[in-house]
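Report on the structure given below.
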Amino acid sequence: MRTSEYLLATQKETPAEAEVISHQLMLRAGLVRKLASGLYTWLPSGLRVLNKVAAIVRDEMNKAGAIEISMPVVQPADLWQESGRWEEYGPELLRIKDRHQRDFVLGPTHEEVITSLIKNEVSSYKQLPLNVYQVQTKFRDEVRPRFGVMRSREFIMKDAYSFHIEDESLEQTYQRMHQAYCNVFERIGLEYRPVIADSGSIGGAVSHEFHVLADSGEDDIAFSDQSDYAANVELAEAICTETRPDATQALTQVSTPGAKTIAAVAEMLDLDTKICVKTLVVAADEESGHKHIAIVLRGDHQLNDIKAIKHPLIATPFTMADEKDVTEALGCGFGSIGPVGLDMPILVDRSAAACADFVCGANEDDMHYTGVNWERDVTDFEVVDLRDVVAGDASPDGKGTLQIRKGIEVGHIFQLGDKYSKAMGCGVLTESGKHQILKMGCYGIGVTRIVAAAIEQNHDKFGIKWPMAIAPFEVAIIPMNMHKSHRIMETALKLYADFIAESVEVLFDDRKERPGVMFNDMELIGIPHSIVIGERNLDNNQVEYKNRMTGEKTLINIDEVLAFITNQ
RNA sequence: CGGUGAGUGGCGCAGCUUGGUAGCGCACUUGGUUUGGGUCCAAGGGGUCGUAGGUUCGAAUCCUAUCUCACCGACCA
């Protein structure tokens, strides 16, 4: 490709709306343009990257035994009513009507369509298991599209669906997909982690998310420094390895005027927040017969409401108690609550339960207790895992300690069970002639999001540094003053022809631009290899090679350039 | 959905308080100059100021409505 015949579309200035680096660079490097909120046009360079990602995904899917199909973006509402998601899904589901006033949706995902298809096409156990996939445009009417294609409304996703009679078969396919996903991210060359994910409302289901590690990620990932353990912080179990020391202090009430936060109490008493304990009051589940439930956490820890909701005493959705109610019931404000003598069920986090001689509110404004001890001063309580893990916690699998990094979710695999097949009556006849509802798995990869994630992980102040596997071009030819020098033009044209002959994807910058402009554009776009042709080096029959990823520069004999690049 | 802010050539912005029918930088066109890191000089083209209505002799500027976009918010004793 010659730049003079190409839509390079690079920009010097960053549009004001771009917040994260990948969004800025995608705009500046001419990869995408915004059409409307959450809707993007893919320009030539961007599309090249996108197609490469998709090609790798397809290849790994095919290798893992999945078969490609393609389903419509527009789907009839009936299917969604059948599965129950017409009501469940909420405003993210874009609903439209056709000219006959029939309801349709723009597919945010394709479980309904595929289940309906398999129901009609597959009738015998002999045809199973089956794993089909597509690379398709999805539409989710996001509340708040942001970060460019990272969270857009229209996006491209690879989604696969598998169908099974036996759980073991589902488990097998699930493992195969897990491996295929690892292969995909390995091949693209991204630092990633498969992460244990929320099984959600569908009970007992197994689920993993695949995260690309990047500081701009929207999720916190906890992972062990010594094992494969990795989990979303929302899910990661907080285990407490400390045992509670014996009580050494007497329960003492102290005055703490105006100290309403743990930080203030700790400072006033000149203590570590670790031995201060905070007590939160939350709404109780209606059937518990209580109004409020107390949750006790160590001062330096944060409540994890996803874990809290799982406790039968706690109301769903999770709600903090109203301060007025609490003040009425306990006679003190939020800042002075403590478990001592508290008349409500008390749930204590494991780490808080390991504290001895600790500080807590005295259930009286401006008063706290010091030297508090479990069993002795508070007898009725339950110990539960209620907090977010923090860096340095012991890994739940017993190996190593946890670290926390930000991650971008780029894949999600799921053992669905029979939620859709049951609702839609998708089953086959078994060997014994009985009709049986199928088990399903579903497996998604955000193809467009991978492009953004790859940039988040690979960039510098000059621009993008594409991993070779998904670079829009492999090599750039940058001739200095070609339009004034015959031998430079000849060399450039010869090299260009050679690369094309060898099927090397080459971008030949034949614009009548100053060298700096060309250098900057090629670096911004992030082409892995550059060949700079200039008079000086040509005198020695050499050109300069530059590696975008490493910054390394070397002189190469012209005759060896082709071999040098193809050997990379 | 709530809060905040913004809509002025393709992009980034100024002008608005103190109404007098638009300006700067980048980009673009032409000529010259320069040529290993976004040259310099000159001459140009392009916007009616998100939209609708109102006030006024006169509105980008004041008022009302509306649309769009961005950022923040679901973090706590």
Side-chain angles (χ1 to χ4, degrees), chain A residues 8-20 23-24 27-28 30 33-39 90-92 142-148 220 233-234 256 258-266 273 276-282 292 294-297 299-306 308 317-323 326-327 330 332-339 342 359-363 365-366 368 386-388 462-463 478-485 488 509 511-524 530-538 543-544 546 553 555:
Chain A
L8 209 52
T10 53
Q11 297 181 324
K12 268 190 197 171
E13 282 176 284
T14 309
E17 79 219 29
E19 187 71 8
V20 293
H23 189 192
Q24 294 172 3
L27 258 11
R28 285 222 293 136
R33 285 291 181 267
K34 186 171 80 170
L35 178 64
S37 179
L39 303 176
E92 258 188 35
E142 292 283 348
V143 199
R144 194 178 154 200
R146 61 187 135 168
F147 305 152
D220 290 309
V233 163
E234 294 174 349
T256 50
K260 290 190 185 305
T261 63
I262 290 294
V265 172
T273 54
C276 297
V277 136
K278 60 184 168 190
T279 307
L280 319 179
V281 180
V282 304
H292 293 139
I295 290 177
V296 180
L297 295 170
D300 58 329
H301 286 151
Q302 292 292 319
L303 174 66
N304 178 314
D305 55 2
I306 291 174
F318 182 83
T319 336
M320 295 301 294
D322 183 75
E323 181 153 16
V326 170
T327 311
L330 302 178
C332 71
F334 275 165
S336 304
I337 304 171
L342 196 60
V359 175
C360 67
N363 298 318
D365 280 334
D366 299 330
H368 278 78
L386 287 170
R387 67 173 175 93
D388 281 340
F462 301 110
I478 308 178
M480 302 289 93
N481 304 312
M482 177 177 83
H483 299 272
K484 289 267 172 71
S485 161
I488 287 182
D509 199 346
R511 293 175 298 172
K512 204 173 172 180
E513 283 290 357
R514 308 197 79 238
V517 174
M518 295 196 263
F519 288 139
N520 282 313
D521 273 347
M522 295 306 118
E523 274 161 8
L524 176 60
S530 295
I531 302 296
V532 182
I533 306 169
E535 290 281 0
R536 290 181 217 152
N537 294 322
L538 223 47
V543 294
E544 184 187 280
K546 283 204 305 190
K553 292 182 186 182
L555 291 174

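What you see is a predicted model; the values in this text were computed from it and never measured.
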Salt bridge (charged side-chain N to carboxylate O under 4.0 Å, His left out) partners of A/E92, counting only residues at least two apart: none
From CG of A/D220 over to C1' of B/rC75, roughly how many Å is that when rounded to an integer? 12 Å
Expressed as a whole number of Å, how far does the C1' atom of B/rG54 sit from that of B/rG38? 49 Å
Using the C1' atoms only, state how far B/rG23 lies from B/rU34, rounded to an integer number of Å. 30 Å
Taking pairing as Watson-Crick or G-U wobble with both contacts under 3.5 Å, can you name the mate of B/rA70, or confirm there isn't one? B/rU4
With sequence neighbours left out, what residues match A/K553 under side chain to side chain contact (heavy atoms under 4.5 Å, CB included)? A/E544, A/K546
Have a look at A/L297 and say if it touches a base, only the backbone sugar-phosphate, or nothing, with a 4.0 Å heavy-atom cut-off. nothing
Return the set of residues passing side chain to side chain contact (heavy atoms under 4.5 Å, CB included) with A/T10 (not counting sequence neighbours), or none when no residue passes. A/L8, A/D521, A/L524, A/I525
Taking only nitrogen or oxygen atoms into account, show me every contact under 3.5 Å that the protein makes with nucleotides 10-14 of chain B, one pair per line with its distance.
unit_1: B/rC11; atom_1: O2; unit_2: A/E13; atom_2: OE1; d: 3.4
unit_1: B/rG12; atom_1: OP1; unit_2: A/A16; atom_2: N; d: 3.2

Using the P atom in both, what is the distance from B/rG12 to B/rU55, to the nearest Å? 35 Å
For the side chain of A/R146, counting heavy atoms from C-beta on, which of B/rG36, B/rC76, B/rC71 is nearest? B/rC71
For B/rG46 and B/rU29, measure between their C1' atoms and round to the nearest Å. 11 Å
Excluding sequence neighbours, so at least two apart, what forms side chain to side chain contact (heavy atoms under 4.5 Å, CB included) with A/D366? none
Nearest heavy atom decides the nucleotide; on that basis, is A/G333 or A/P515 closer to the 5' end of RNA chain B? A/P515
Hits for side chain to side chain contact (heavy atoms under 4.5 Å, CB included) against A/E13, two or more places apart or cross-chain, chain-then-number order -> none
